[in-house]
Amino acid sequence: MAHELTVQELEKFSANFNKNPENKVIARAAQRSGVLEASYNDRVQGKLTRVFSTELDTDNVTNQKHSGRCWEFATLNVLRHAFGEKYKAKNFTFSQAYNFFWDKIERANMFYNRIIASANMPLDSRQVKTDLDFAGTDGGQFQMAAALVEKYGVVPSYAMPETFNTNDTTGFATALGDKLKKDALVLRELKQYGKEDELEKTREKFLSEVYQMTAIAVGEPPKKFDLEYRDDDKKYHLDKDLTPLEFLHKYLGDVNFDDYIVLTNAPDHEYNKLYGLPAEDNVAGSIRIKLLNVPMEYLTSAAIAQLKDGEAVWFGNDVLRQMDRKTGYLDTNLYKLNDLFGVDLNMSKANRLKTGVGEVSHAMTLVGVDEDNGEVRQWKVENSWGDKSGSKGFFVMNNDWFNDYVYEVVVHKKYLTDKQKELAEGPITDLPAWDSLA
């Protein structure tokens with residue numbers, strides 16, 4: 001039987017609250033400044049020192065502004081650090097707008113594929129509704145960015161600069177999402193009635209329209225460009241008439257995405273198992289999203305090993321938890337919400353994932369770590385929120401936050417155990433689009 005609140009119960013709750021005079025003091029502080037500010041723990045700043053025993057040579061940061069392209073930014077940041085180390089050009093940047101353009105076209109194609117494949121499912125089925133909910137959105141995974149780079153290459157940021165609609169994707173995402181959902185109804189009907197020839201012609205027409213919309217909002221990508229830059233020693237370099245793929249293969253030809261694996265820590269899933277997310281794959285016939293689920297200590301050790309070898313680490317995390325954008329602090333004790341409210345809000349990592357409290361909401365780049373006799377003290381994080389956040393765009397994260405709120409790291413397979421290397425080659429257990437890792 002459903003419980004109904006009574007006046008007597010509500011009066012009891014009020015009496016319980018008011019019998020403790022401290023509650024009114026706490027309430028005034030919380031109502032005036034907000035619960036986060038009222039619970040802010042300023043003691044963390046004495047522990048997060050921004051000094052690191054291992055640190056990559058970094059300088060400027062990128063800015064995704066009002067867009068959900070963190071996964072692309074983090075991937076291209078890893079590549080630009082590789083380029084910077086190899087060619088002594090640490091401030092060289094790649095165009096995120098270029099890869100964003102191709103993602104919209106490729107992702108529309110995959111959306112149409114899924115809609116056609118599920119045409120005989122009810123429109124309100126969980127699968128179809130989930131596909132429709134993701135139509136036109138920005139979010140993504142490391143392998144999605146890798147698939148775009150592998151197929152289309154990369155270009156310098158000046159060769160395809162940001163536009164209003166890449167810096168703020170809201171308007172374009174809404175328009176594109178509306179179009180894709182409208183198209184879905186047409187494609188489902190053609191498939192249901194077996195009109196295969198008309199279906200393929202219609203799909204091609206719809207993809208051409210998506211290209212037109214993206215070209216209007218973002219601009220068409222360059223087919224060729226001149227590579228021109230000065231390195232850290234002020235030496236001038238010019239390489240003319242390169243295609244994006246020629247640039248990738250000539251200057252970053254030693255980067256092979258097949259050599260990397262996403263290690264995930266999802267305690268609500270079985271460990272030592274390789275999972276796939278086919279509902280999020282964005283390029284047909286290309287790199288699949290694969291996540292090798294292992295205990296947290298393996299994410300830590302592999303990330304440290306890669307940093308010590310001079311290579312940045314892409315990592316997926318829940319950045320909005322226990323984070324201060326202004327200082328760039330990531331610390332599990334940053335906001336003492338339990339103390340403020342007088343209730344226990346703690347949950348295990350597994351239960352946060354099971355209930356949707358925990359999620360991979362952001363991607364950033366590890367560029368440093370501080371160790372003391374094998375114990376990790378803190379991590380240096382390169383974010384993509386511009387240089388007004390944190391310390392000129394760099395955040396500092398304590399190891400407890402890493403353990404609690406980091407879910408993925410992308411590392412070279414050479415840092416895996418022999419058993420993990422074997423698992424990384426398959427078989428893959430595919431997860432549904434509504435899984436906690438999606």
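Throughout, numbering of the chain's residues begins at 1 and tracks the sequence. Remember, predicted model here, so these are calculated numbers, not experimental data. Reckoned from all heavy atoms, side chains included, excluding hydrogens, waters and symmetry mates.
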Result block: side-chain N/O donor-acceptor pairs under 3.5 angstrom for residues 385-392, not counting sequence neighbours:
none

Let me check something: any side-chain donor-acceptor pairs from residues 431-438 under 3.5 Å, sequence neighbours excluded? List them with distances.
residue	atom	partner	partner atom	Å
D435	OD1	H269	NE2	3.1
D435	OD2	H269	NE2	2.8
D435	OD2	L437	N	2.9
S436	OG	D268	OD2	2.7

Identify every side-chain donor-acceptor pair in residues 341-348 under 3.5 Å, counting partners at least two apart or on other chains, and give the distances.
residue	atom	partner	partner atom	Å
D344	OD1	N346	N	3.0
D344	OD1	N346	ND2	3.3
N346	OD1	N338	ND2	3.4
S348	OG	N351	N	3.1
S348	OG	N351	ND2	3.3

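With a 6.0 Å radius and a threshold of 12 heavy atoms from other residues, nucleotides or ligands, E85 has its CD atom at or below the threshold. The local environment of NZ in K90 is crowded, with over 12 non-hydrogen atoms from other residues, nucleotides or ligands closer than 6.0 Å. Counting heavy atoms of neighbouring residues, nucleotides and ligands inside a 6.0 Å radius, atom CZ of F164 does not exceed 12 of them. Within a 6.0 Å sphere centred on NZ of K86, other residues, nucleotides and ligands contribute more than 12 heavy atoms. At most 12 heavy atoms of other shown residues, nucleotides or ligands fall within 6.0 angstrom of atom OH in Y298. The number of heavy atoms from other shown groups lying within 6.0 Å of CD (E204) does not exceed 12. More than 12 heavy atoms of other residues, nucleotides or ligands shown are found within 6.0 angstrom of NZ on K179.
Partners of Y152 by ring-ring contact (aromatic ring centres under 6.0 Å, His included), not counting sequence neighbours, listed by chain and number: W102. Residues meeting the ring-ring contact (aromatic ring centres under 6.0 Å, His included) test with F101, sequence neighbours left out: Y211. In this structure D241 satisfies the side chain to side chain contact (heavy atoms under 4.5 Å, CB included) test together with K224, sequence neighbours excluded. The ring-ring contact (aromatic ring centres under 6.0 Å, His included) test applied to Y329 returns no partner, not counting sequence neighbours. R43 meets the side chain to side chain contact (heavy atoms under 4.5 Å, CB included) test with N41; sequence neighbours excluded. Under the ring-ring contact (aromatic ring centres under 6.0 Å, His included) criterion, F83 pairs with Y87, F92, Y229, sequence neighbours left out. The side chain to side chain contact (heavy atoms under 4.5 Å, CB included) check on E189 picks up Y193, with sequence neighbours excluded. Residues meeting the side-chain hydrogen bond (donor to acceptor under 3.5 Å, both in side chains) test with Y335, sequence neighbours left out: none.
The cationic atom of K380 (NZ for Lys, CZ for Arg) lies less than 6.0 Å from the six-membered ring centre of F394 and within 45° of the ring axis.
Salt bridge annotation for E425-K413: present, with a cationic side-chain nitrogen under 4.0 angstrom from a carboxylate oxygen.
Of the options Y407, W379, F395, a ring-ring contact (aromatic ring centres under 6.0 Å, His included) to F402 is made by W379 and by none of the others. The one candidate from N399, D372, D370 that meets the side-chain hydrogen bond (donor to acceptor under 3.5 Å, both in side chains) condition with R377 is D370.
Under 3.5 Å, the side chains of D324 and T327 contain a donor-acceptor pair of N or O atoms.
Among residues at least two apart or in separate chains, side-chain hydrogen bond (donor to acceptor under 3.5 Å, both in side chains) pairs with a member in residues 161-176 are H66-T170, R69-E162, D138-T169, E162-T166, D168-T170.
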